[in-house]
Amino acid sequence: MTGTGPVRWGIIGTANIARTAFLPGLRQAGGIAAAVAGRDTGRTEHYARDNGVERGVPGYQRLIADPAIDALYIPLPNSLHAEWTIRALQAGKPVLCEKPLCGTLAETERVLAVASETGTLLWEAFVFPFHAQFSELTGLLADGVIGELREIQSSFHFNVASPGNIRMQRELDGGALNDVGCYPVRLALELFGPGYQSAWATAERGSQDVDVETWGTLGFAGGRRLLLSCGMRRSYDAFTRLQGTAGQISLTNPFHPGPADRLEVFAAKAEPRSYAAAGDEPSFTAAIRHIQAVLRGEEAPRQLASETSLASAQALHDLHASMATTRTA
């Protein structure tokens, strides 16, 4: 699209993350929740009414083909990302696809090839690089307030109570590393660059043979490293610490910061400094605002999947491949 009007978004699937994260960000960014598509007509219409979406549409393909839709958000289970992202790209619809872009490296490569062939814009829904807190963080690192960044210690845990949750299903490419371990991985690639040299992980597996808790490391040049921990068996935790040669930075939530979150700097020979991570703006807002500006021709695109997603997918693939020692949880 071009022009100055609001962007009309379609949502493929009635996922909870669309309700809790995408839609609040979309409203704050001034976009329009024009339609949501689902496989069950009644449930989809009910979802639309409950969440302020203009209409429910029966069937994903019908929404993709709708000329009144400017962009698509895809929050389907991981195993369905490739199929429906490819269909959207081939229809010329810009896409914001939930993370991970795909459940496997091979599917990621296929989706990125289609994005290249069609020239259709594609983003993976890691929204934290667009957030003001991340700009604050990278500015502090560039200013050398903790010296050289040597180690990132990053966790992402939350509790999944239902064994039927899609994250617990192997055939849907679930598991802790795919679902939330991808965040520390992406953070490390943003701060250290894509050229990691080693990958190691171990996990505890659940009854459906997905990793329910995983911990491991990515090693980068010069002995720099990511130490990651992720899982689906304890309370919400996204605490991250950056260790440098002259101090450290801690973030209570680098990925989806809220009003209560903080960024704190502990530098050698200096008083600790604390920064509010966010105001009341939902974490998706800045990313959606940017995408909409791109679609209106007001900004050049940043953080496209073609620039970032392959390195993340390769790292997740290598971490999965390294899980030689596991035990049943």
Side-chain angles (χ1 to χ4, degrees), residues 1 7 22 25 29 70-75 78 81-82 84-86 88-90 92-139 141-142 149 152 154 177-178 180-197 199 218 220-221 224 226 228 254-256 283-319:
M1 68 170 286
V7 175
F22 175 77
D70 300 315
L72 292 165
Y73 171 59
I74 300 180
N78 297 335
H81 286 185
W84 292 103
T85 298
I86 286 172
L89 294 173
Q90 290 174 335
K93 289 283 173 46
V95 172
L96 174 63
C97 181
E98 259 309 322
K99 36 50 54 188
L101 182 63
C102 297
T104 67
L105 175 60
E107 286 186 331
T108 302
E109 292 172 333
R110 186 157 61 95
V111 167
L112 293 177
V114 173
S116 177
E117 291 163 5
T118 61
T120 309
L121 295 170
L122 171 63
W123 286 268
E124 184 177 11
F126 288 108
V127 297
F128 70 87
F130 297 94
H131 199 279
Q133 177 182 237
F134 191 71
S135 296
E136 184 74 50
L137 173 64
T138 54
L141 292 173
L149 178 61
I152 301 170
S154 186
L177 184 59
N178 273 355
V180 286
C182 58
Y183 280 99
V185 166
R186 177 60 183 274
L187 178 65
L189 295 172
E190 286 284 338
L191 298 181
F192 285 146
Y196 67 92
Q197 298 178 338
L218 287 177
F220 292 80
R224 298 171 302 156
L226 164 70
L228 73 92
F255 309 121
H256 292 287
S283 65
F284 266 68
T285 304
I288 296 171
R289 188 180 288 127
H290 167 71
I291 292 170
Q292 294 180 157
V294 171
L295 299 186
R296 289 193 294 260
E298 299 166 354
E299 294 182 14
R302 296 184 287 113
Q303 296 287 337
L304 289 169
S306 59
E307 302 166 350
T308 62
S309 295
L310 187 58
S312 296
Q314 184 68 62
L316 292 174
H317 174 83
D318 291 345
L319 287 165

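Considering CD of Gln314 and CG of Leu319, their distance stands at 10.0 Å, rounded to 0.5 Å. Atom CG in Leu121 sits 6.5 Å away from atom CG in Leu295 (nearest 0.5 Å). For the atom pair CD1 (Ile291) and CZ (Arg296), the distance works out to 11.5 Å, reported to the nearest 0.5 Å. Separation of atoms CG (Leu122) and CG (Leu112) is listed at 6.5 Å; rounding is to 0.5 Å. Rounded to the nearest 0.5 Å, atoms CG (Leu187) and CG (Leu228) are 11.0 Å apart.
Here the closest heavy-atom approach between residue Val95 and residue Ala88 is recorded as CG2-CB, 3.5 Å. Among all heavy-atom pairs drawn from Gly92 and Pro94, the shortest one is O-CD, 3.5 Å. The two residues Ala71 and Val7 have their closest heavy-atom pair at CB-CG1, 4.3 Å.
Within the structure, ring pair (Phe, Tyr, Trp, His ring centres under 6.0 Å) pairs that include any residue of residues 95-120 do not occur (at least two apart or interchain). Here side chain to side chain donor-acceptor pair (under 3.5 Å) pairs that include residues 114-129, with residues two or more places apart or in two chains, are Thr118-Thr120, Glu124-Ser309.
Partners of Phe128 by ring pair (Phe, Tyr, Trp, His ring centres under 6.0 Å), not counting sequence neighbours, listed by chain and number: Phe134, Phe255. Glu136 meets the side chain to side chain donor-acceptor pair (under 3.5 Å) test with no other residue; sequence neighbours excluded. Residues satisfying the side chain to side chain donor-acceptor pair (under 3.5 Å) criterion with Asn78, sequence neighbours excluded, are absent altogether. Listed by chain and number, the residues in a side chain to side chain contact (heavy atoms under 4.5 Å, CB included) with Ile86 are Gln90, Arg110, Val111, Val114 (sequence neighbours excluded). Applying the side chain to side chain contact (heavy atoms under 4.5 Å, CB included) criterion to Ala125, with sequence neighbours excluded, gives Leu96, Glu98, Phe284. Judged as a ring pair (Phe, Tyr, Trp, His ring centres under 6.0 Å), and not counting sequence neighbours, the contacts of Tyr73 are Phe22. In this view, Ser312 and Arg186, Leu189 satisfy the side chain to side chain contact (heavy atoms under 4.5 Å, CB included) rule, not counting sequence neighbours. For Arg224, there are no salt bridge (charged side-chain N to carboxylate O under 4.0 Å, His left out) partners two or more places apart in sequence or in a different chain. Take Glu299 and apply the side chain to side chain contact (heavy atoms under 4.5 Å, CB included) test, not counting sequence neighbours, and it matches His290, Ala293, Val294. Partners of Ser283 under the side chain to side chain donor-acceptor pair (under 3.5 Å) rule, at least two apart in sequence or in another chain, are His256.
Taking 4.5 Å as the limit, every side-chain heavy atom of His317 sits out of range of all side-chain heavy atoms of Thr104. Contact annotation: the side chain of Leu101 never approaches that of His81 to less than 4.5 Å [non-hydrogen atoms, C-beta and beyond]. The shortest side-chain heavy-atom distance between Leu310 and Leu105 falls under the 4.5 Å cut-off. Phe130 has its side chain out of reach of Arg289: every pair of non-hydrogen atoms, C-beta onward, lies at least 4.5 Å apart. Two residues are said to be in side-chain contact when any heavy atoms from C-beta on lie closer than 4.5 Å; Gln303 and Phe126 fail this criterion.
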Inset, instruction - For the pair Phe192 and Ile152, evaluate side chain to side chain contact (heavy atoms under 4.5 Å, CB included) and give the outcome as yes or no after the intermediate values. - result: CA-CA 9 Å; Phe192 285 146; Ile152 301 170; 3.7 Å; yes
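In terms of modelled atom types and a separation under 3.5 Å, the side chain of Gln292 and the main chain of Ala29 share a donor-acceptor contact.
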